[in-house]
Undergrad: 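Before I ask anything, let me first share the structure, which is written out below as structure tokens.
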Amino acid sequence: ESSNMRFDLQLLDFVECEKDSEKIAISASDKDLTWNEFKSEVEKVKLELCQYNLLKGHPVIIYGHKEANFIVSLTACMSLGFPYIPVDTIYPIERLHKIAAIVNSAIVINTIENKIDFESKNSATTYYLDDPIVYIIFTSGSTGEPKGVQITRDSILDFKKWLETDFNFSHKNIFMNQAPFSFDLSVYELVGFLLFGGTIVLNSRELLENHIEYFERLKRYACNTWVSTPSFISKYLLSSEFTSENIKNLETFLFCGEVLPSTTAKRILNNFSNSKVLNTYGPTEATVATTLVNITQEIIAKYPKNLPVGFVKENTVINLLDIDSENIGEMEIVGDNVSIGYFKNEELNAQKFQPKYEKRSFKTGDFGYFEDDMLFFANRKDELIKLHGFRIELGEIDKEFTNNKNVNEAITIPLKRGTEVMKLITFLTVNQEINTGTLKEEISKILPYYMIPSDIIILDKFPYNTNHKIDKNELINIYKCC
Ligand code: AMP
């Protein structure tokens, strides 16, 4: 009983918006909720969840997209001490089933159909996670199995403090959200609005396709804080409507998740002359982000080729391991913002999450260097890439192709322009004639759309280099010749 008490986040106690309870808390794809309405909806979901007699610490899956009930449900979970696991409907339903099987959860809150699916099994009343976990976000894993990053209450409180001191977030922030809640970038807006009593404006995938409607929405709700990956904003920057004359309130542009090209930063500062462009860096395993810098015209002029990712937050250290002659080393993050590890994955946890001076630490697989006290991102160690902001482990794509009995080998290669990934190409060797169109269709049922390669090329055999590794450069040459 007493250990279970540790889970209480009692989030709503932190919110200082009592005076302003008629203010909009959430504008979602289906409805708007004032702070008063939001709080009473949270209470309703809490009551409903309590019927199932789950133990605190029992993981709850939330499946949906941009409905108000997604946030209502996750807040109810936080408040009751159930780790929530967000799964967005942009993924094929198989991903939901896979994750449900991994976490052994008895509950799926479906915010599209507005219902709670309860599968009565023993686990509901006997199984709980022992740490005060707020959420588990599943990223893709190189072995093909998704990895669940577990983030605890102390990491969230540490993150909240950073948002308060270094970002100056307050109840005045009106966040533009578009990232799926299963992508930890969205934790900026979630924690940002929830713990300071601000407003969050959710934008569904469908809505985003209509620029005019989207811009109207940003204006109507007076959004002042933009959060996205750099590649998300780039398409809007080409629009003549995307300026401070038209969308007057936007003043902070916050980025994370991939390289911020200086052309993007320059365009924003041109279109929105008095705005602030914030670049942040960090993996999901260290609660959203770990470094921050305000990208000014001076910074762009000083570091035009590679913008800094910024200053390491207080209470966290980034060590560079195995530094080479150019002072580049693998980044290791040490601090309270680091995850307690992947969900039930002791082997990988032992490799990646070795405690350092009694603090949690994580080896990122990212390479970087320090200059003028700021961190700069150099490149990644493994095959984890970013395409339009989505994190993809290429091995996961290959595994799905080789699951087809007619495919012998598969290798997926990112085609890049500079450091930016433009598209994915999958090369196959096969044991029987195969229709690549049909194969693509099959794969689309299993993998999310952004992991589907643009082209599939069948070869008689793969080219190898002298080390007997597949020669990826040669594959790119072959592609360019086809
Ligand atoms: P995710 O866990 O999906 O947020 O992906 C984390 C990875 O994205 C990091 O390990 C980096 O490889 C990359 N990343 C995140 N932020 C930045 C940034 N500001 N600049 C360059 N790469 C970044």
Side-chain angles (χ1 to χ4, degrees), residues 86 88 90-91 135-142 146-151 155 159 179-190 227-234 253-265 277-295 299 303 305-313 318 320-321 328-333 337-339 341-342 348 352-353 361-369 374-394 396 414 416 418-421 448 450-451:
D88 197 285
I90 63 167
Y91 291 98
Y135 62 77
I136 305 177
I137 283 187
F138 276 83
T139 65
S140 68
S142 49
K147 291 179 295 201
V149 180
Q150 309 178 95
I151 297 295
S155 300
F159 180 62
F181 296 119
S182 50
F183 179 8
D184 90 323
L185 177 68
S186 65
V187 174
Y188 266 129
E189 305 93 276
L190 281 178
V227 186
S228 81
T229 60
S231 51
F232 177 84
I233 203 171
S234 51
F253 292 86
L254 169 53
F255 297 104
C256 192
E258 60 180 354
V259 173
L260 173 65
S262 51
T263 45
T264 306
V277 173
L278 305 178
N279 190 17
T280 65
Y281 154 84
T284 307
E285 288 85 343
T287 320
V288 191
T290 301
T291 68
L292 162 69
V293 58
N294 186 358
I295 302 288
I299 292 216
Y303 314 98
K305 287 220 172 74
N306 189 20
L307 293 175
V309 294
F311 301 96
V312 179
K313 67 185 271 297
I318 293 190
L320 297 182
L321 311 175
I328 297 176
E330 183 181 353
M331 303 180 205
E332 177 193 57
I333 304 177
N337 63 334
V338 173
S339 159
Y342 298 122
L348 205 54
K352 298 266 196 176
F353 293 93
S361 97
F362 175 65
K363 270 194 190 163
T364 60
D366 291 324
F367 283 74
Y369 56 95
M374 285 185 291
L375 186 71
F376 288 74
F377 176 84
N379 58 315
R380 269 206 65 86
K381 188 181 194 171
D382 51 28
E383 296 291 27
L384 191 148
I385 58 132
K386 283 273 176 152
L387 181 60
H388 305 312
F390 289 103
R391 170 167 156 169
I392 300 173
E393 295 217 36
L394 299 171
E396 194 175 350
K416 293 184 180 174
T419 51
E420 196 188 353
V421 176
Y450 57 81
M451 289 174 83

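Atoms within each ligand, like the ligands themselves, are counted from 1 in listed order.
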Undergrad: Check ligand 1 against D184 and write out every atom of the ligand that is under 4.0 Å from a heavy-atom position of the residue.
TA: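 Numbered from 1, ligand 1 contributes 4 (O).
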Undergrad: Could you tell me the separation between the CD1 atom of I318 and the CD atom of E330, rounded to the nearest 0.5 Å?
TA: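 Separation between the atoms: 11.5 Å.
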Undergrad: Taking only heavy atoms of V309 into account, list the atoms of ligand 1 that are under 4.0 Å away from them.
TA: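 Every atom of ligand 1 under 4.0 Å from some heavy atom of V309: 18 (C), 19 (N), 20 (N).
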Undergrad: Could you give the distance from CG (N306) to CZ (F376), rounded to the nearest 0.5 Å?
TA: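 Going from CG on N306 over to CZ on F376, the span is 7.0 Å.
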Undergrad: Taking heavy atoms and a distance under 4.0 Å, where does Y281 meet ligand 1: side chain, backbone, both or neither?
TA: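 Near ligand 1, Y281 shows its backbone as well as its side chain.
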Undergrad: Which atoms of ligand 1 have any heavy atom of K386 under 4.0 Å away?
TA: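 Taking each heavy atom of K386 in turn, ligand 1 has 1 (P), 3 (O), 4 (O), 5 (O), 8 (O) under 4.0 Å.
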Undergrad: Is it the case that D184 and Y135 place a side-chain donor and acceptor less than 3.5 Å from each other?
TA: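 There is no such pair between these side chains.
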Undergrad: Considering all heavy atoms of both residues, which atom of L185 and which atom of T229 are nearest to each other, and what is their separation?
TA: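 Looks like CD2-N, 3.8 Å.
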Undergrad: Does G282 reach ligand 1, in the sense of a heavy atom lying below 4.0 Å from it?
TA: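 So G282 counts as touching ligand 1.
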Undergrad: I'd like to know whether T280 forms a side-chain hydrogen bond (donor to acceptor under 3.5 Å, both in side chains) with Y188, so could you lay out the CA-CA distance, the side-chain angles of the two residues, the decisive distance to 0.1 Å, and finally the verdict.
TA: CA-CA 11 Å; T280 65; Y188 266 129; 2.9 Å; yes
Undergrad: Looking at ligand 1, is there an atom of it that comes within less than 4.0 Å of some heavy atom belonging to T139?
TA: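 Per 4.0 Å heavy-atom rule, T139 does not contact ligand 1.
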Undergrad: Taking only heavy atoms of N279 into account, list the atoms of ligand 1 that are under 4.0 Å away from them.
TA: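 Per the distance check, 19 (N).
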Undergrad: Check each of T280, I333, L375 against atom 19 (N) of ligand 1 and report the one with the nearest heavy atom.
TA: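 Ranked by closest heavy atom to atom 19 (N) of ligand 1, first place is T280.
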Undergrad: Is there a ring pair (Phe, Tyr, Trp, His ring centres under 6.0 Å) between Y369 and F377? Walk through the geometry before answering.
TA: CA-CA 7 Å; Y369 56 95; F377 176 84; 9.8 Å; no
Undergrad: From I295 CD1 over to T264 OG1, what is the distance, rounded to the nearest 0.5 angstrom?
TA: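 OG1 of T264 is found 11.0 Å from CD1 of I295.
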Undergrad: Just how far is it from atom NZ of K363 to atom CD of E332, taken to the nearest 0.5 Å?
TA: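 The distance works out to 7.0 Å.
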Undergrad: Taking only non-hydrogen atoms of T291, do any sit less than 4.0 angstrom from ligand 1?
TA: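 It does not; every heavy atom stays at 4.0 Å or beyond.
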Undergrad: Compare G257, A179, P230, G389 and give the one whose heavy atom is closest to atom 14 (N) of ligand 1.
TA: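 Nearest heavy atom to atom 14 (N) of ligand 1 lies in G257.
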Undergrad: Counting only heavy atoms, which portion of L260 has something under 4.0 Å from ligand 1: side chain, backbone, both, or neither?
TA: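 The answer is neither.
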Undergrad: With rounding to the nearest 0.5 angstrom, report the CG to OG distance, N279 to S262.
TA: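 Output value for this atom pair is 11.0 Å.
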Undergrad: Any carboxylate oxygen within less than 4.0 angstrom of a Lys/Arg side-chain nitrogen, looking at R391 and E285?
TA: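 Salt bridge between R391 and E285, a charged N being under 4.0 Å from a carboxylate O: yes.
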Undergrad: Counting both backbone and side chain atoms, is some N or O of D366 under 3.5 Å from an N or O of ligand 1?
TA: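 Checking ligand 1 against D366, an N or O pair does fall under 3.5 Å apart.
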Undergrad: Could you tell me whether E258 and ligand 1 have an N or O pair separated by under 3.5 Å?
TA: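 Yes, at least one N or O pair falls under 3.5 Å.
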Undergrad: Report the part of V259 in contact with ligand 1, treating N, CA, C, O as backbone and CB onward as side chain, heavy atoms under 4.0 Å; options are side chain, backbone, both, neither.
TA: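 Near ligand 1, V259 shows its backbone as well as its side chain.
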Undergrad: Could you establish whether T364 and ligand 1 come within less than 4.0 Å of each other, counting only heavy atoms on the residue side?
TA: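 Not so, T364 does not reach ligand 1.
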